[in-house]
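Count residues from 1 along the sequence.
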Amino acid sequence: TSHVAILARSLEIPALLGMEGILKKVREGEAVILDGKEGRLIFSPDAKTQAAYQEKQQAEKDEEEAQAYDSEAAKWLDDAENWARSALKERQRADYALAHFGEGAGWQTGVEFDSWKGRESGHQLFIPLNFYQAGRISGHRVDIGLSTGYVQSDTHKSHGSVSGWADTQLSAELRNDHKQNSVRYQLLFNLPTGQSAIYQNAVVGNDLARMTDFGAGFQVTPGLELIHHFTERDSLAASVQYTLRRSYDYSKEVPGAQVDPGNAFQQEVSYLHAGPKTQYRLGVVHSHAESSYQDTIFSELREVEVPRTLHNGKGGPQGGEGGTQTVTREFWGRDSRLHYREGDDWELSWFYNDQITKRDELSLYGIWNLVSAGWGYRNQAVHRLSAGAGWLHHMNERQEWHILAGYKDVTSNWDPLRLELNSGAYKYYSLLLGFSWQLGAKNRLSLDGERFRRKDDRGGSYRGWKVLCTLNQSF
């Protein structure tokens, strides 16, 4: 590749090479069209050709501007939602998962350690592994991503330890972006590389760690998103997703016990303003799940006769018949086939960010969630209210620190699959302090530490720490 080609590419100047003597064929003042993408040079184009190229040029410009606006807005949104999820440890959402990535490739990894004590104690270690690639197919931007991780969790109970890979998510998004209207086609696969069949004692309580359980079977989710840009900074997005879910084993106490979750349909509408100093987003999400089937399991204590072992005076076994003795043991079995449907899930969310000074930013968020009562099992409507406020200070162009206080109020919790999650009402308080460092043009390191307390209305509470270190690298 010549130095001229490298210079033209870096400056985004259309250029054609290897056209020796071409200037002898061009008359002074003659109009020409230089198409660097197609490698064409058109002399004295007619009005129709000029109009076609002007329209093509404007369309490409509109698409680039739309992508720039979306990328900037989505980056802020991703940061704001990460703050909220970091404080509340909500599960990561699929929406906007790839939108903040520019064209190119990159990966993310790190380590998260969660520890809790109180009515029960435990810890969980998670190492996330994420990769993304963005490019173009037939002139349209295509984003693909892979997300998985390794988890080691221990509730300090009998059979409460789990270690291994989590489920793997593969995602793809085809973006047809324009200045005013954009369409995005999405496809997400959940591959069952995690452990869906676990002991009940291995289930982790809500908000105590990143994962409550460790696998959800095979799922495929096609989706469609429409975005209308009112201005350069304001847009309205509407999306639909339909998740096809396969059955999977869920219990180690009773091998072969399965859950067949119903397919799920999700709709979302959101309004986004991404100003130079102020950004905010309003969103509403509705999810509806079809009927599910589940093999229910039960446990009971039984007195059983076991051989009696005689011991000598030194504590070792002694030969001969010792008779039998009665001991109490726990037995698990399969009960019946449960047919139920989970209640509809509604969520309203609000995120706000304002640049107070040149170096300081204020962030606020609020999330209200309602899960209506389902049928087929003992349950009731569940209300969740989350709120938080944060402050971010830019120390210099490469370093920043942030602090975030979060609160969550949960009225109750009913789960037919993981009975250990039926904890009733609780309140959750958290305080997070973090530091980010831009190591170079394409890598970033962040460290967050969170102190939390979960207070249950039924009595008892939990206190703990969550530490997250993340490294981002782009190419």
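The aromatic rings of W350 and Y352 lie parallel to each other, with less than 30° between the two planes, well short of the 60° mark. Ring pair H383/W368 is tilted by interplanar angle, where 30° to 60° counts as tilted.
Closest approach of P276 and Q355 over heavy atoms only: O-OE1, 3.9 Å. In plain terms, the two heavy atoms of A134 and D143 that are nearest each other are CB-OD1, 3.1 Å. Between D167 and G217 the shortest heavy-atom distance is OD2-N, 4.0 Å. Pairing each heavy atom of Q241 with each of Q186, the nearest pair is NE2-OE1, 3.7 Å.
With no hydrogens or angles considered, no side-chain donor-acceptor pair links S239 and E225 at under 3.5 Å. Between the side chains of Q124 and D154, not a single donor N or O lies within less than 3.5 Å of an accepting N or O. Of the N and O atoms on the side chains of T243 and T221, at least one donor lies less than 3.5 Å from an acceptor on the other residue.
F435 is linked by a ring pair (Phe, Tyr, Trp, His ring centres under 6.0 Å) to nothing, counting only residues two or more places apart in sequence or in another chain. By the ring pair (Phe, Tyr, Trp, His ring centres under 6.0 Å) test, Y185 pairs with no residue at all, sequence neighbours left out. Every residue meeting the side-chain contact (heavy atoms from CB on, under 4.5 Å) condition with K427, not counting sequence neighbours, appears here in chain and number order: Y407, D409, Y429, D457. Remark: L439 pairs with W437, N443, L445, L471 by the side-chain contact (heavy atoms from CB on, under 4.5 Å) rule, at least two apart or across chains. Scanning for ring pair (Phe, Tyr, Trp, His ring centres under 6.0 Å) contacts around H288 gives an empty result, with sequence neighbours left out. Taking P192 as the reference, F218 meet the side-chain contact (heavy atoms from CB on, under 4.5 Å) condition, with sequence neighbours excluded.
Contact of the D177 side chain with the H140 side chain is not registered, since no non-hydrogen atoms from C-beta on lie closer than 4.5 Å. Between L370 and D345 the shortest side-chain heavy-atom distance does not fall below 4.5 Å. Between S147 and F131, every side-chain heavy-atom pair lies at or beyond the 4.5 Å cut-off. Within the 4.5 Å cutoff, the side chain of T109 has heavy atoms near those of the I127 side chain.
Note: Y150 and F126 fail the aromatic proximity criterion, with ring centroids not under 6.0 Å apart. Here H273 and Y271 keep their ring centres 6.0 angstrom or further from each other.
Other residues, nucleotides and ligands contribute more than 12 heavy atoms inside 6.0 Å of the CZ atom of R451.
Taking the centre and axis of the six-membered ring of Y426, the NZ or CZ atom of R454 falls inside the cone set by 45° and 6.0 Å. With a 6.0 Å cutoff to the six-membered ring centre and a 45° limit on the axis angle, K466 does not count as a cation-pi contact of F113.
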